[in-house]
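Written out below as structure tokens is the structure these notes cover.
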Amino acid sequence: MKNNGFKVAGIGASLLATSMLAGVAYAQQARPAGQARTRQAVPPAGTRQAVPPATPAATVPATAAGTIRTLRVEGSQRIEADTVLSYTKLRVGAPYTAATLDQALVDLAASDLFADYSISGVETGDIVLRIRENPIINRVILEGNKAIKSDKITKEIKLAPRQIFTRTAVRADVARIVELYRRQGRFAAIVEPKQVSLDQNRVDVVFEIAEGAKSKVRQINILGNEKFTDDQLRGEMATKQSRWFRLLSSNTTYDQDRLNYDQQKLRQFYLTEGYADFRVTSAVAELTPDKRDFIITYVVEEGARYKFGDVSVDSEIRDFDNTKLAASLPIKKGDWYNAKLVEDALDSLSQAAGLFGYAFTQVDPEYQRDKDTLTMGINFHIGQAQRTYVDRIEINGNTQTQDKVIRREIRLGEGDAFNTFQVKRSQDRVNSLGFFQDKFEIKQTPGSAPDRVVLEAPVEEKSTGELQLSAGFSSLERFIVQANVTQNNFRGKGQTLSFGVNYSTYSKSIQAGFTEPYLFDKNIAVGFDVFRQDFNQFNYIGSDRNTTFSQVSTGFQLRAGVPLTEYWQLAGRYKLSYDEVGLANSFLNSDGSCNPLLAGRYLCDSLGNRWTSSVGYSLIYNSLNSGLRPTAGTRFSFSQDFAGLGGDVKYIKTTAQAAKYYGLGSGFVFSLQGEGGYIRSLEKSRGPNIDKVRIIDRFYLGEPNFRGFDIRGVGPRILRIPYITNADGSQQLQTDRSQIQDDALGGRAYYLARAELEIPLGAGARELGLRPTVYVQAGSLFGITRPSLTTNYTVVTDAAGKPIINADGSPRVIGNPITDTAGNTYYTVVSSDATINGLTTTCPTGYSATVGATNCTGTSINTVQRNQPFSERFLGDSPKPRISVGFGVNWTSPFGPLRIDIAKALVKQKGDDDKLITFNVGTSF
């Protein structure tokens with residue numbers, strides 16, 4: 001009467017037949033050295049075998065009967081004999097029959113503790129229960145799993161080392177692993193449990209897993225739809241048909257939960273279109289024979305389309321005017337029925353009640369459906385409620401941030417009348433801190449009395465310290481190295497402490513700053529910054545980038561701000577800086593003075609060192625729902641800075657900025673942004689054709705703010721265009737823009753506007769930090785005094801003194817002579833004496849050992865040294881708008897923030913520098 005183990009193939013087949021699933025396996029480590037393996041009964045020792053299913057216990061001969069004289073247990077190792085007997089009803093002195101002995105075998109099998117069991121001694125009454133205990137699990141091994149990590153499977157299964165091995169537990173774990181793969185859409189996965197017998201009655205349990213491919217949705221069929229096409233309805237579903245262009249989408253795999261969700265999406269769609277009787281009569285998902293794909297079929301009943309009937313409000317709260325409330329609702333009689341508008345009306349009424357201090361108002365819509373006229377009348381019933389007050393405010397989840405940092409952003413205090421608007425505003429202000437995870441929400445729960453409400457503020461803190469050590473490449477500054485340390489919640493008090501060092505080929509800076517948002521726990525923000533910035537202006541000649549002038553600024557700034565109202569703020573500042581403006585050596589004469597032929601008069605007029613002492617203010621309006629990534633609200637600022645409080649520079653600089661954000665739903669965010677500025681000098685004239693506003697104080701416009709244009713690519717500029725001589729000796733002005741010296745001069749006034757749409761991506765792309773946008777921009781920079789231009793050429797004449805004309809009708813020219821500071825012309829010595837031939841001298845005839853000396857010796861007629869002839873043109877000083885369109889992607893990459901833009905300048909003015917592709921790595925955006 002033995003039960004010698006069981007075969008598991010039947011179990012595996014049964015599971016596959018009932019669930020159409022199969023499961024996983026965990027990568028197994030090597031067997032420890034020296035560990036012996038033995039086999040169960042028949043299989044050879046050390047081999048892996050399938051976990052056998054239990055077979056029915058053998059029956060006792062029908063003639064067996066008598067009285068139990070003795071009763072004992074053989075084969076028990078860990079389990080006490082009395083415990084084994086307790087699972088049966090056999091007792092010494094009790095009578096037994098074939099039925100009672102068979103029941104004892106069944107009871108032992110049901111205990112799931114024994115691998116083998118039998119009964120002997122039925123002939124004499126000396127009953128012996130022979131058992132072999134289930135082994136102890138040594139290891140649980142998963143093999144073949146790649147799509148699901150081992151640690152995730154281990155958390156789900158119940159078998160573990162040092163537990164007793166049971167077939168029931170194996171079957172349950174197979175089902176759990178199968179379910180894990182099912183959730184991932186892998187319906188072709190197969191799980192096969194195996195066991196390896198070891199010495200000392202131990203066993204290794206191995207789950208061998210063949211994962212299979214994800215089961216895709218091959219086709220979505222919709223039956224019964226007449227008013228809308230299949231494609232329209234498929235577009236409303238989360239599940240998508242598997243197609244090549246959805247290679248990266250996760251919504252093409254089959255998911256039962258998503259199937260249920262899609263039925264709700266279909267119902268929502270029809271309800272918003274007026275089909276109040278719509279229903280999904282069936283939704284069937286059929287697995288193809290190869291178990292690779294699913295075919296989903298929906299059968300729908302659209303029903304008739306309804307319009308809104310009479311809309312009324314019935315309020316038991318005396319403070320409300322039912323007529324006015326009904327008139328304010330977004331529902332109008334005669335419009336097509338829309339369930340979304342009904343939800344909006346419910347929210348609107350609840351918000352209205354909350355504004356009056358009723359926190360727990362019950363608003364119920366009462367529908368009056370008229371199938372004859374196909375109208376849907378609605379009465380909104382507002383139940384009786386008590387005006388509520390804030391009982392207490394509970395803040396939890398903050399381990400670093402002090403309570404007061406959160407409480408001071410909450411616009412309600414304990415004991416205040418409840419107000420939903422203030423609750424919403426508090427949520428926005430806490431979110432704008434940037435200290436906590438998104439989706440922070442203040443919850444409302446009943447308080448200590450019916451008229452009391454508890455505001456719960458559960459926060460989930462995130463890292464507020466930023467350490468950025470990065471190297472990158474920018475189309476603006478070429479190679480960049482930066483190190484920035486910022487703590488936005490210093491000491492948990494909401495303070496900001498920052499320090500940064502940036503180095504690139506054309507700019508260097510070091511800065512440090514500190515901000516205290518609440519001075520002495522009063523709503524007064526103060527802060528300071530210290531800085532040193534080295535900046536080099538540049539232009540391109542071909543692919544060579546040439547520095548024109550350099551600016552070194554060293555100084556500090558003090559800041560303070562106070563709120564005027566909930567949304568308005570006044571900020572003030574004082575800044576003191578020392579600016580040193582110089583030219584590259586290639587633009588200087590030998591005595592260090594500026595050479596206008598090389599640098600241009602406009603640069604020579606800008607040289608010098610000066611102190612700038614300025615005081616300024618900003619008036620700011622801010623109703624954004626987030627300071628980091630807003631999706632709704634408005635921000636406006638008006639700023640003025642007055643330079644002249646001491647120092648060498650005097651001006652008034654005025655700027656204004658505005659932005660409006662609209663959440664369009666489904667993750668789309670549309671924004672309108674605009675800015676502009678004007679600077680007016682308070683100094684006397686610095687000379688004819690010299691603008692009173694110095695070049696370093698002017699506005700500049702271009703990349704990265706104005707995409708589609710190069711850095712400083714918009715606005716007034718001087719192009720120095722060289723003459724080129726053709727092979728036939730004729731001349732013409734250079735037309736290749738890359739070979740023309742381009743110097744941006746800045747402007748006294750500018751404006752810039754942008755309309756931008758942020759496009760949502762799937763969950764995977766959001767996790768990667770990808771945020772694509774499309775935009776259109778318009779702007780201009782203008783308004784400086786026309787500078788004096790430098791013309792470096794002399795018209796070539798013939799023997800009769802008439803100009804020699806080129807083929808294009810322009811006169812032939814030569815460059816002007818090169819002179820020293822005393823006005824002496826430089827010559828190149830032409831001599832048969834090789835020791836002096838080609839040297840520079842100021843002697844028109846002969847040679848002097850000292851340049852500039854008059855003691856010339858010799859009779860050689862020397863050649864005049866001339867600059868290359870060029871012509872300067874002043875362009876771009878126009879208020880006419882420049883327009884560009886484009887798209888870009890922000891990516892929070894492992895190498896730092898990255899922004900890529902492809903923008904096309906549609907409208908530009910003569911002289912503007914456009915640029916199609918720009919990117920920045922290692923700089924913030």
Can you tell whether the side chains of Lys424 and Asp428 come within less than 4.0 Å, N to carboxylate O?
yes
Any chance you could lay out the side-chain contact (heavy atoms from CB on, under 4.5 Å) test for Glu456 and Ile442, step after step, and finish with the verdict?
CA-CA 6 Å; Glu456 296 182 355; Ile442 296 178; over 6 Å; no
Please check if the distance between the ring centroids of Tyr270 and Tyr275 is under 6.0 Å.
yes
Thr375 side chain to Asp370 side chain, donor-acceptor N/O pair below 3.5 angstrom:
no
Taking atom types as modelled and ignoring hydrogens, do the side chains of Gln362 and Asp364 form a donor-acceptor contact shorter than 3.5 angstrom?
yes
Rounding to 0.5 Å, atoms CD1 (Ile378) and NZ (Lys333) come to a distance of 13.0 Å
Which word best sums up how the rings of Tyr254 and Phe294 line up, parallel for under 30°, tilted for 30 to 60°, or perpendicular for over 60°?
parallel
A side-chain contact here means heavy atoms from C-beta on lying under 4.5 Å apart; do Gln400 and Phe435 qualify?
no
Does the Ser426 side chain pair with the main chain of Arg411, one donor and one acceptor, at a distance under 3.5 Å?
yes
Backbone of Ala147 reached by a side-chain donor or acceptor of Glu211 within 3.5 Å:
yes
Quick one: CD on Gln241 to CD on Gln219, what's the gap to the nearest 0.5 Å?
4.5 Å
Is any side-chain heavy atom of Glu236 closer than 4.5 Å to a side-chain heavy atom of Gln232?
no
OH of Tyr358 to CD1 of Ile382, rounded to nearest 0.5 Å, is 10.5 Å
Report yes or no: do Thr631 and Asn625 form a side-chain donor-acceptor pair below 3.5 Å?
yes
Is there a side-chain contact between Leu329 and Phe380 in this structure, where contact means two heavy atoms from C-beta onward sitting under 4.5 Å apart?
yes
Do Glu179 and Arg176 sit within salt-bridge range, that is, some charged N less than 4.0 Å from a carboxylate O?
no
What verdict does the side-chain contact (heavy atoms from CB on, under 4.5 Å) test give for Ser350 and Thr361, after you've listed the backbone C-alpha separation in whole Å, the side-chain angles of each residue and the deciding distance to 0.1 Å?
CA-CA 7 Å; Ser350 297; Thr361 306; 5.8 Å; no
Determine whether a donor-acceptor pair (N or O, by modelled atom type, separation under 3.5 Å) exists between the side chain of Glu156 and the backbone of Leu180.
no
Residues Asp262 and Lys265 bridged, charged N to O under 4.0 Å:
no
Do the side chains of Ile222 and Met237 get nearer than 4.5 Å, heavy atoms only?
yes
Determine whether Gln351 and Thr420 satisfy the following criterion, side-chain hydrogen bond (donor to acceptor under 3.5 Å, both in side chains), listing intermediate values before the conclusion.
CA-CA 6 Å; Gln351 291 289 336; Thr420 53; 3.2 Å; yes
Within the 3.5 Å criterion, strictly below it, is a donor on Glu301 or Thr281 matched to an acceptor on the partner's side chain?
no
For Tyr567, is the OH atom crowded, meaning more than 12 foreign heavy atoms sit under 6.0 Å from it?
yes
Looking only at side chains, do Asp901 and Tyr775 share a donor and an acceptor under 3.5 Å apart?
yes
Pairwise distance OG1(Thr253) to CG(Asp293) - rounded to 0.5 angstrom
11.5 Å
Check: Val423 and Phe418 side chains under 4.5 Å, non-hydrogen atoms
yes
Side-chain (Thr272) to main-chain (Lys340) donor-acceptor, under 3.5 angstrom
no
For a quick check under 3.5 Å, do Lys240 and Thr252 share a side-chain donor-acceptor pair by atom type?
no
Paired with Phe436, the side-chain contact (heavy atoms from CB on, under 4.5 Å) test is passed by just one of Asn431, Asn489, Val459, namely Val459
Would you give the length of the straight line joining atom CZ of Phe207 to atom CD1 of Ile177, rounded to the nearest 0.5 angstrom?
4.5 Å
Any side-chain heavy-atom pair from Asp255 and Arg183 closer than 4.5 angstrom?
no
Would a line drawn from the ring center of Phe269 to the ring center of Phe278 be shorter than 6.0 Å?
no
Should Leu664 and Leu757 be marked as a side-chain contact (heavy atoms from CB on, under 4.5 Å) after you check the CA-CA gap, both sets of side-chain angles, and the distance that decides it?
CA-CA 10 Å; Leu664 304 182; Leu757 178 66; 3.9 Å; yes
Between Arg429 and Glu409, is the closest basic N to carboxylate O distance under 4.0 Å?
yes
Full working for side-chain contact (heavy atoms from CB on, under 4.5 Å) between Tyr661 and Gln673:
CA-CA 9 Å; Tyr661 293 85; Gln673 301 176 53; 3.9 Å; yes
Measuring from Thr239:OG1 to Ile296:CD1, what's the distance to the nearest 0.5 Å?
5.5 Å
Check whether Thr388 reaches the backbone of Gly357 with its side chain - one donor and one acceptor, N or O, closer than 3.5 Å.
yes
For Thr399, is there any backbone N or O sitting under 3.5 Å from a side-chain donor or acceptor partner on Glu461?
yes
Begin with the C-alpha distance, continue with both residues' side-chain angles, and end with the deciding distance and a verdict on side-chain hydrogen bond (donor to acceptor under 3.5 Å, both in side chains) for Thr168 and Arg171.
CA-CA 5 Å; Thr168 302; Arg171 290 194 295 268; 3.3 Å; yes
